J.: 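My questions will all concern the structure given below.
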Amino acid sequence: MSSKEEKERSLNFIEEIIEADLASGKHDSILTRFPPEPNGYLHIGHAKSICLNFGLANKYGGGTNLRFDDTNPVTEDTEYVDSIKDDVKWLGFNWVNEFYASDYFDTLYEYAEKLINKGLAYVDETSSEEMAEQKGTPTEPGKRNKFCERSIEDNLRIFREMRDGKHPEGSMVLRAKIDMTSSNMLMRDPIIYRIKFAHHHRTGDKWCIYPMYDLAHGQSDSIEHITHSVCTLEFVPHRELYNWFIEKLEIFPSKQYEFARLNLGYTVMSKRKLKQLVEENYVSGWDDPRMPTISGLRRRGYTPKSIRDFCDRIGIAKRDNLIDVSLLEFFIRDHLNKISSRVMVVSDPLKVTITNIPEGHVENCEIDNNPEDEESGSRIVPFDRVIYIEKEDFMEDAPKKYFRLKPDGVVRLKGAYIIQCDEVIKDASGEVIELKCHYIENSKSGQDTSGVKCKGVIHWVSATHNVPVELRLYDRLFKEEDVNSYEGDFKDLINENSLQIVTAYAEPSLKDATLEDKFQFMRQGYYVLDKDSNEDKIIFNRTVGLRDSWKK
RNA sequence: UGGCUCGUGGUGUAAUGGUAACACAGAGGUUUUUGGUGCCUUUAUUCAAGGUUCGAGUCCUUGCGAGCCAACCA
């Protein structure tokens, strides 16, 4: 996007708030944070949040902290920490600090004692079932139990015993003392510390009590002096609590703002569901090219720029949304069109013998790598007597508008000659198995003086000088666009045919492709070299097909 | 039958009381040695009903609809 366009683009509601805060002198600079929990891989919904948080900081001259929200040791793991860092970097963003909520466990513990000392927190020994019952429902107020009357001294003593491992898991919790009749369920004396005898990926076995999200997140924001703490809409009811803790603890007043999370058609955007797809082997892993994860999109052949452009386009608002996949596809086509080399690959071969080329004769054809990029140069593609073309590029009974090859018809072989079809050879079942053609003299690409007019141009590959490759063709993971609103098990909607593997024949230049190299297979689509490739087998993932406006 | 958030083309996002704009998708045309790309054209009485106003997508009232909230998850 040009800076002019950026200037003209209207502000989203968070930018408006920031500009007002800067203008009023409330803040001199801003600090945001991206706060993933390391319990899964990042997906494109996180990309939206990353682009927002880092984008805001870039735009207004502030910074962004990467902070791992690691307060639940039983679900979290360093594998996820590493993948998250890789993904954020790959997307093109740099954080000013790498922090962990667990860095603040000591402070958070002190905050809890402070609340106890202010008479604003108490140890509750009620069972979780009973506690749920006492909590009431959205339409009925909750009730306090006897434990809330405990003295400050007793609360302090028992809370310390909890910390020291004197009480078994699940036997008691620390709750904030707020309002059991609040219409906001989160204000009904929320649990803020629980006992977990679990090994933490960073603090090891130092703690056996861990703070809950509401005590940890806002306080971490405050400790870091985050000015604008941006999260998704499901945290709206938490804002009241967020502000309550900051007020009662008398600490730096970070402010929380909420925007609508990204929903994309034909996929799911919940870590729980994505994890299920991985663990139950519906996909090959978190980076399966069908997954909406950053690593999956990367392996699929998406570029960081295409994802950033997409996130920029979908905007930031508070309304629930379901983005059309075609928008994502538009941005990757847009980028790949400009940067990828064109190559020829035949995936469903039909043998064509060009009868007026002598056997053993090989002609080198020079073909531009990318008509969209003058700097991209050219390459040599060998052309000889026997070639393969795509089966669908020949039709015996072709409609008038079909301008590829037909009996007695002509077609241009991209970068080579015009050929004319003389004979159609079929097998016993009547299927076309070979074409005999002749090439038109003086019709070579770039030096055509033949005067022969032909509208069609097709891709081809030499039958002797080619390299077999495996193509992995992906389709959408789910059969329904709106997976979220399906009432039953989301797995019912899985598209069983989301992966198709075919063998294809590529021009020789593809032998030199390396990991993540991106190509346009002419007239077919964009492909990327997959990491499963080895010396014996070259594997390409189809990123996305080319637009196809041809209809019979 | 509580509270909160939100309703603008098929999908998103704008319009900050003054001609409903932009992108994607769809349709049509044009260019093209990729049926790709590019270029052009085209698609809305803003959830409903009242009200305020010279003027309402925007403000007010009342409905209606959607999402979220009752984990020792984040």
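What you see is a predicted model; the values in this text were computed from it and never measured. Side-chain atoms are counted along with the backbone in the values below, which use heavy atoms only and exclude waters and symmetry mates.
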J.: Between B:rC47 and B:rC54, how far apart are the two P atoms, rounded to whole Å?
T.: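 The same atom, P, in both gives a distance of 25 Å.
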J.: Mind checking A:T71 for me? I need base, sugar-phosphate or nothing, with any heavy atom below 4.0 Å counting as a touch.
T.: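 Sugar-phosphate, backbone atoms only, no base.
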J.: Rounding to an integer number of Å, can you tell me how far A:N243 CG sits from B:rC4 C1'?
T.: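 My rounded result for the distance is 14 Å.
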J.: Where the side chain of A:L327 is concerned, which of B:rU37, B:rC73, B:rC24 is the nearest nucleotide?
T.: B:rC24
J.: By the 4.0 Å heavy-atom rule, please label A:S326 as base, sugar-phosphate, or nothing.
T.: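 Sugar-phosphate only.
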J.: Can you check the A:E392 CD to B:rG35 P distance for me, whole Å?
T.: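 Nearest whole value for this atom pair: 11 Å.
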J.: Under 4.0 Å between any heavy atoms, over every strand shown, what does A:V173 touch: base, sugar-phosphate, or nothing? Just pick one.
T.: base
J.: Out of B:rG35, B:rC73, B:rG36, which nucleotide sits closest to the side chain of A:K196?
T.: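 Looking only at heavy atoms from C-beta outward on A:K196, the closest nucleotide is B:rC73.
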J.: Taking A:D312 first and then A:R308, would you say they form a salt bridge - that is, a charged N and a carboxylate O separated by under 4.0 Å?
T.: no
J.: Taking the basic N atoms (NZ, or NE/NH1/NH2) and the acidic carboxylate oxygens, is any pair closer than 4.0 Å for A:R313 and A:D309?
T.: no
J.: Look at all strands and tell whether A:P36 reaches a base, only sugar-phosphate, or nothing, counting heavy atoms closer than 4.0 Å.
T.: nothing
J.: Has the side chain of A:R333 got a donor or acceptor atom sitting under 3.5 Å from an opposite partner on the base of B:rG36?
T.: no
J.: Which whole number of Å gives the distance between the C1' atom of B:rU46 and that of B:rG10?
T.: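 Going atom to atom, C1' in each nucleotide, I get 16 Å.
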J.: Given atom CZ of A:F259 and atom C1' of B:rG12, what is their separation to the nearest angstrom?
T.: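 A:F259 atom CZ is separated from B:rG12 atom C1' by 15 Å.
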J.: Does B:rU58 have a Watson-Crick or wobble mate here (both distances under 3.5 Å), and if so which one?
T.: none
J.: Taking only residues two or more places apart in sequence, or in another chain, which ones meet A:F403 in a ring pair (Phe, Tyr, Trp, His ring centres under 6.0 Å)?
T.: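 None.
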J.: What's the CZ-C1' distance between A:F330 and B:rU37, to the nearest Å?
T.: 11 Å
J.: From the list B:rG36, B:rG67, B:rA14, which nucleotide is the closest neighbour of the side chain of A:D320?
T.: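 For the A:D320 side chain, the nearest candidate turns out to be B:rG67.
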J.: Do A:E258 and A:R239 sit within salt-bridge range, that is, some charged N less than 4.0 Å from a carboxylate O?
T.: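 Salt bridge present between A:E258 and A:R239.
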J.: Which nucleotide sits closest to the side chain of A:N337: B:rG2, B:rU34, B:rU37?
T.: B:rU37
J.: Want to settle it: does A:A260 or A:P211 sit nearer the 5' end of RNA chain B, counting the closest nucleotide to each?
T.: A:A260
J.: Do A:R476 and A:E481 meet the salt-bridge criterion of a basic N to acidic O distance under 4.0 Å?
T.: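 Result for this pair is no, no salt bridge flagged.
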J.: In terms of side-chain heavy atoms of A:S10, which of B:rU34, B:rA14, B:rA71 is nearest?
T.: B:rA14
J.: Among B:rG12, B:rU33, B:rC69, which is the nearest nucleotide to the side chain of A:M185?
T.: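 Nearest to the side-chain atoms of A:M185, counting from C-beta on, is B:rC69.
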J.: What integer number of Å spans the C1' atoms of B:rG9 and B:rA23?
T.: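 To the nearest whole Å, 13 Å.
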J.: Scan every strand shown for a Watson-Crick or G-U wobble partner of B:rC64, both distances under 3.5 Å, and answer none if you come up empty.
T.: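 Check on B:rC64: paired to B:rG7, both distances under 3.5 Å.
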J.: Suppose we call a contact any N or O donor and acceptor under 3.5 Å apart; does that hold for the side chain of A:E258 and the base of B:rU5?
T.: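 Answer no: no donor N or O sits under 3.5 Å from an acceptor.
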J.: Describe the nucleic acid contact of A:F331 in one word from base, sugar-phosphate, nothing, applying a heavy-atom distance below 4.0 Å.
T.: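 It contacts nothing in the nucleic acid.
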J.: Side chain of A:P138: nearest nucleotide among B:rG10, B:rU34, B:rA70?
T.: B:rA70
J.: Over all strands shown, is A:S445 touching base, sugar-phosphate only, or nothing at heavy-atom distances under 4.0 angstrom?
T.: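 Base: the residue A:S445, judged by heavy atoms under 4.0 Å, touches a nucleobase.
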J.: Using the C1' atoms only, state how far B:rA15 lies from B:rU58, rounded to an integer number of Å.
T.: 9 Å
J.: Counting just side-chain N and O atoms, does A:R194 come under 4.0 Å of either OP1 or OP2 of B:rA74?
T.: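 For A:R194, the contact criterion (side-chain N or O under 4.0 Å from OP1 or OP2 of B:rA74) is met.
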J.: Starting from C1' on B:rU32, measure out to CH2 on A:W550 and report it in whole angstrom.
T.: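 Whole-Å distance recorded here is 19 Å.
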J.: In whole angstrom, give me the gap between the P atoms of B:rG57 and B:rG18.
T.: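 After rounding to an integer number of Å, I get 10 Å for this pair.
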J.: Nearest nucleotide by nearest heavy atom, which residue falls closer to the 5' end of RNA chain B, A:K135 or A:F13?
T.: A:F13
J.: Does B:rU37 have its OP1 or OP2 closer than 4.0 Å to a side-chain nitrogen or oxygen of A:R547?
T.: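 It does, given that an N or O in the side chain of A:R547 lies less than 4.0 Å from OP1 or OP2 of B:rU37.
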J.: Expressed in angstrom and rounded to an integer, what is the separation of A:Y213 atom OH from B:rA71 atom P?
T.: 17 Å
J.: Over all strands shown, is A:R342 touching base, sugar-phosphate only, or nothing at heavy-atom distances under 4.0 angstrom?
T.: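 Touches a base.
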J.: Whole angstrom is fine here: how far is it from CG in A:D324 over to P in B:rC24?
T.: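 Atom-to-atom, A:D324 to B:rC24, this comes out as 12 Å.
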J.: Can you figure out which of B:rG12, B:rC72, B:rA14 approaches the side chain of A:A317 most closely?
T.: B:rA14
J.: Give the nucleotide from the list B:rG36, B:rC22, B:rG35 with an atom nearest to the side chain of A:Y402.
T.: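 Of B:rG36, B:rC22, B:rG35, B:rG35 is nearest to the side chain of A:Y402.
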J.: Starting the side chain at C-beta, find the nucleotide from B:rC6, B:rG12, B:rU34 nearest to A:K318.
T.: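 The answer is B:rC6, which lies nearest to the side chain.
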J.: Give none if B:rU53 has no partner; otherwise give the nucleotide forming a Watson-Crick or G-U wobble pair with it, both distances under 3.5 Å.
T.: none
J.: I'd like the C1' distance from B:rU31 over to B:rU37, given in whole Å.
T.: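 Looking at atom C1' only, B:rU37 and B:rU31 are 10 Å apart.
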J.: Is A:D103 paired with A:R202 through a side-chain N to carboxylate O contact shorter than 4.0 Å?
T.: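 The answer is yes: the pair qualifies as a salt bridge.
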J.: Please report the distance separating the P of B:rC59 from the corresponding atom of B:rU5, rounded so that it comes out in whole Å.
T.: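 Looking at atom P only, B:rC59 and B:rU5 are 15 Å apart.
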J.: Can you say whether a donor on the side chain of A:E372 sits under 3.5 Å from an acceptor on the base of B:rG36, or the other way round?
T.: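 Answer is yes: a donor-acceptor pair is held.
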J.: Between atom CG in A:N370 and atom P in B:rG36, what is the gap in whole Å?
T.: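 The distance from CG of A:N370 to P of B:rG36 comes to 16 Å, rounded to the nearest Å.
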J.: Any donor-acceptor pair under 3.5 Å between the side chain of A:T139 and the base of B:rU1?
T.: no
J.: Take atom C1' in B:rU33 and the same atom in B:rC22, then report the distance between them in whole Å.
T.: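 Result for the C1' pair: 35 Å, nearest Å.
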J.: With syn defined as a glycosidic angle within 90° of 0 and anti as everything else, classify B:rA66.
T.: anti
J.: Determine which nucleotide pairs with B:rC22, using a 3.5 Å limit on both distances of a Watson-Crick or G-U wobble pair.
T.: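 Paired with B:rC22, as far as the under-3.5 Å criterion goes, is B:rG12.
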J.: Does the structure show a Watson-Crick or G-U wobble partner for B:rU45, both distances under 3.5 Å? Name it, or say none.
T.: none
J.: Between A:E507 and A:R379, does the salt bridge (Lys or Arg N to Asp or Glu O under 4.0 Å) criterion hold? Intermediate values first, please.
T.: CA-CA 11 Å; A:E507 60 170 76; A:R379 68 192 186 285; 2.5 Å; yes
J.: Can a side chain N or O of A:R319 be found less than 4.0 Å away from OP1 or OP2 on B:rA66?
T.: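 So the side-chain polar atoms of A:R319 never come under 4.0 Å of the phosphate oxygens OP1 or OP2 of B:rA66.
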J.: Do the side chain of A:R412 and the base of B:rU33 come within less than 3.5 angstrom through a donor-acceptor pair of N or O atoms?
T.: yes
J.: Can A:R523 and A:D393 be counted as an ion pair, charged N to O under 4.0 angstrom?
T.: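 Here A:R523 pairs with A:D393 in a salt bridge, since their nearest N and O are under 4.0 Å apart.
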J.: Hunt down the Watson-Crick or G-U wobble partner of B:rG2, both distances under 3.5 Å, from any strand shown, or write none.
T.: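 In the structure as shown, B:rG2 has B:rC69 as its Watson-Crick or wobble partner.
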J.: Hey, is A:E363 close enough to A:K444 for a salt bridge, meaning N to O under 4.0 Å?
T.: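 Yes, charged N to carboxylate O under 4.0 Å.
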